[in-house]
Amino acid sequence: TERIKLLFEQNDDPSIKILLTTFNKELVFQLYKWSKELLREKLTFKTINKRNPHYEAKLEGSTHPNLYIMHFDILPTRLTDSDFKKQNYYNVLDEYAELLILRTLIDEYVAENNISKTRYKHILDPRFILNEYVRIIYGMQVCTRKGYLNTDRTGRGNRLKKDSRQIVWNIIVKYLTDLSEYPKDSFTTIRHKYFKSLTPNGANSHYLNHFDHILVDEFQDCTQTDYEMFYRLLKNPDHLVVAGDHAQSVHLQNSSSIPRQQGMGNFDHIHLNGSYRLPMWVSHGVKPLSAHIEKGKKGTPLIQPFKGAPPGARIMLIYGNNEGDLALKIIDFIRIYNVYYADGWNKSQDKKPVGITVLEKDSNLCYHINKKSDQTISVYADTILKIKGLEKKCIIWSTRLLIDDEGELYHHAYTILTRTAGLCVIALFDDSYKRFLKIVDTLEKDFISHWDNETEMFYRENILNKSKVVVAEKPEYD
């Protein structure tokens, strides 16, 4: 937002057009607020849509918006001259609906083709198929059967042989055919169609070279196609500014990269010296995770505690032999450490501590905490992708929920732990995912604490010195 302020100070031409976008709805609103605070004397701001975040601002005398602040998913319905404008997003499939459709289509395909569920279990998973479409078919523009069977699936972890690829390709084709017959769309299929329309003879050719500057926050999970879309929307590819953290690339991991167009200048890399919002003790604690990610992707800066950051508390490990027991311990921890809430927690004023988030969406643990706190604490479950780019006052990492791609474990854990601006809890269970426990073992020992003797005993028996092999193996499946 400071960069945008500088652009308007240097250029008050009413024809200038700047796009600011990101992938998180809540973050769009924060970017709008910061931009308005910085530019309220120079631009007039207008809210276009709060539900699907879209804000605009004009210079005095301008006949069109000079600053567009939008959620990335709605770009195809706003920057368009085609039927995309008719998409109001009330009928767009959310991820849950996509997975249900894919589950049905996978079962149909297996039955029709007598596929062995045991042999191909690793690919007959709705989330795997969906991610393969998003990250390879759309993300790398691999749009032919021949191309998919032979392409290098960069960043996708487990290698697939051709018979597995053929099955995946057929199911994706079946899925896209099914959507076209509804007709229905997902956010990715809309974006895919929009990208294809951004050509000299396409339906949205008017928006080629439309913006003078594009700024993208939380760029780390942009696909190669997303970058190509930005370049098509820009007049000058040198005027692309992206901000983010490669270490938080929970989808693309070490393959995340920013492509360059022919004739572009070199990127000007500006590395932050440290995180000024991440508590200092947490920053010290996760340093080994940062070092591992930096080793896998050269150029990713090692996290450094920022001198002006709040000290915070050490990362707290809390074990419970059941959900109720664990919930009570977490409640006690939050109450005792409430001093680390920047907004304060005044029980006499009946002010609840807010911003307590359980990741990754452990709804059962969340339910028990809320129930046993007698409504004095408000906790909710969420996913990393939804809160990426935002900090929460207290993060509770549930280590018992699996993720889609085991090759992403380090990025996943690092992103969760660095979302806190106050307290950080690692919830430990008897059924905690063993690979997550190995990652817990890599944390800097001087900057973690055990809540009680029971937790320390669990740590010594199940975690300590068990981290010799942390990265998931990448077998070559049949």
Side-chain angles (χ1 to χ4, degrees), residues 22-24 72-73 75-76 93-96 98-99 101-102 105-106 122-162 164-176 179 185-196 216 218-230 242 244-259 293 296-297 360 383-386 388 402-412 415 472 474 476-477:
T22 190
F23 300 83
N24 184 300
F72 183 71
D73 280 341
L75 296 185
L93 299 171
D94 59 19
E95 186 180 69
Y96 180 73
E98 287 185 276
L99 294 175
I101 292 172
L102 276 168
L105 295 177
I106 290 170
H122 57 290
I123 59 172
L124 298 176
D125 175 72
R127 190 171 294 279
F128 175 85
I129 298 291
L130 183 59
N131 283 340
E132 197 75 355
Y133 167 65
V134 173
R135 293 160 62 176
I136 306 299
I137 308 302
Y138 165 75
M140 295 173 59
Q141 286 301 294
V142 180
C143 299
T144 66
R145 174 183 172 277
K146 182 179 180 180
Y148 179 71
L149 293 181
N150 294 284
T151 192
D152 180 9
R153 298 164 55 257
T154 306
R156 282 297 280 148
N158 297 327
R159 296 180 292 274
L160 298 181
K161 290 187 176 179
K162 285 196 175 182
S164 293
R165 292 190 186 212
Q166 182 65 67
I167 292 171
V168 172
W169 174 261
N170 290 342
I171 292 173
I172 290 175
V173 169
K174 188 177 179 71
Y175 166 66
L176 295 177
L179 291 188
D185 268 302
S186 69
F187 291 113
T188 306
T189 58
I190 290 175
R191 197 153 74 240
H192 201 166
K193 293 174 183 176
Y194 182 68
F195 175 76
K196 292 178 179 178
V216 184
E218 300 301 318
F219 75 89
Q220 56 266 17
D221 282 318
C222 280
T223 66
Q224 300 294 294
T225 301
D226 295 331
Y227 284 115
E228 177 61 28
M229 187 186 301
F230 295 141
V242 296
D245 182 356
H246 276 300
Q248 294 181 31
S249 181
V250 296
H251 270 349
L252 302 182
Q253 325 153 35
N254 293 333
S255 70
S256 63
S257 61
I258 307 171
I293 294 168
K297 183 173 180 62
E360 277 284 275
T383 66
I384 270 300
L385 292 181
K386 288 187 178 179
K388 184 174 285 191
L402 305 183
I403 63 173
D404 174 47
D405 190 339
E406 292 189 359
E408 300 172 348
L409 293 183
Y410 261 104
H411 296 77
H412 189 84
T415 305
K474 296 182 180 180
E476 184 162 313
Y477 289 119

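Bear in mind that the values here come from a model prediction, so they are computed numbers and not experimental data.
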Intermediate values then yes/no, side chain to side chain contact (heavy atoms under 4.5 Å, CB included), H412 and E360: CA-CA 10 Å; H412 189 84; E360 277 284 275; 3.2 Å; yes
L124 vs I167, test: side chain to side chain contact (heavy atoms under 4.5 Å, CB included). Steps then yes/no. CA-CA 9 Å; L124 298 176; I167 292 171; 4.2 Å; yes
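In this structure the side chain of E228 never reaches within 4.5 angstrom of the side chain of Q141, judged on heavy atoms. In this structure, I129 and L105 have side chains that are not in contact, with every pair of non-hydrogen atoms separated by 4.5 Å or more. In this structure, V242 and F230 have side chains that are not in contact, with every pair of non-hydrogen atoms separated by 4.5 Å or more. In this structure the side chain of V168 reaches within 4.5 angstrom of the side chain of F128, judged on heavy atoms. Contact of the H122 side chain with the L160 side chain is registered, since non-hydrogen atoms from C-beta on lie closer than 4.5 Å.
The CD atom of E95 sits 4.5 Å away from the CZ atom of R127 when rounded to the nearest 0.5 Å. The distance from atom CD1 of I106 to atom CG of N170, rounded to the nearest 0.5 Å, is 12.5 Å. Atom CH2 in W169 sits 12.0 Å away from atom CD1 in I136 (nearest 0.5 Å).
Checking each of E132, Q166, R165 against Y148 for a side-chain hydrogen bond (donor to acceptor under 3.5 Å, both in side chains) leaves exactly one that passes, namely E132. Screening I172, T151, V173 for a side-chain contact (heavy atoms from CB on, under 4.5 Å) involving I137 leaves a single residue, I172.
Taking the six-membered ring where the residue is Trp, Y138 and F195 present perpendicular rings, their angle passing 60° and hence far from 30°. In this structure, Y133 and H192 have tilted ring planes: the angle between them lies in the 30° to 60° band.
Here the closest heavy-atom approach between residue T225 and residue M140 is recorded as OG1-N, 3.9 Å.
Remark: the backbone N or O of T223 is paired with a side-chain donor or acceptor of D226 at under 3.5 angstrom.
In this structure, F187 has its ring center at least 6.0 angstrom away from the ring center of F72.
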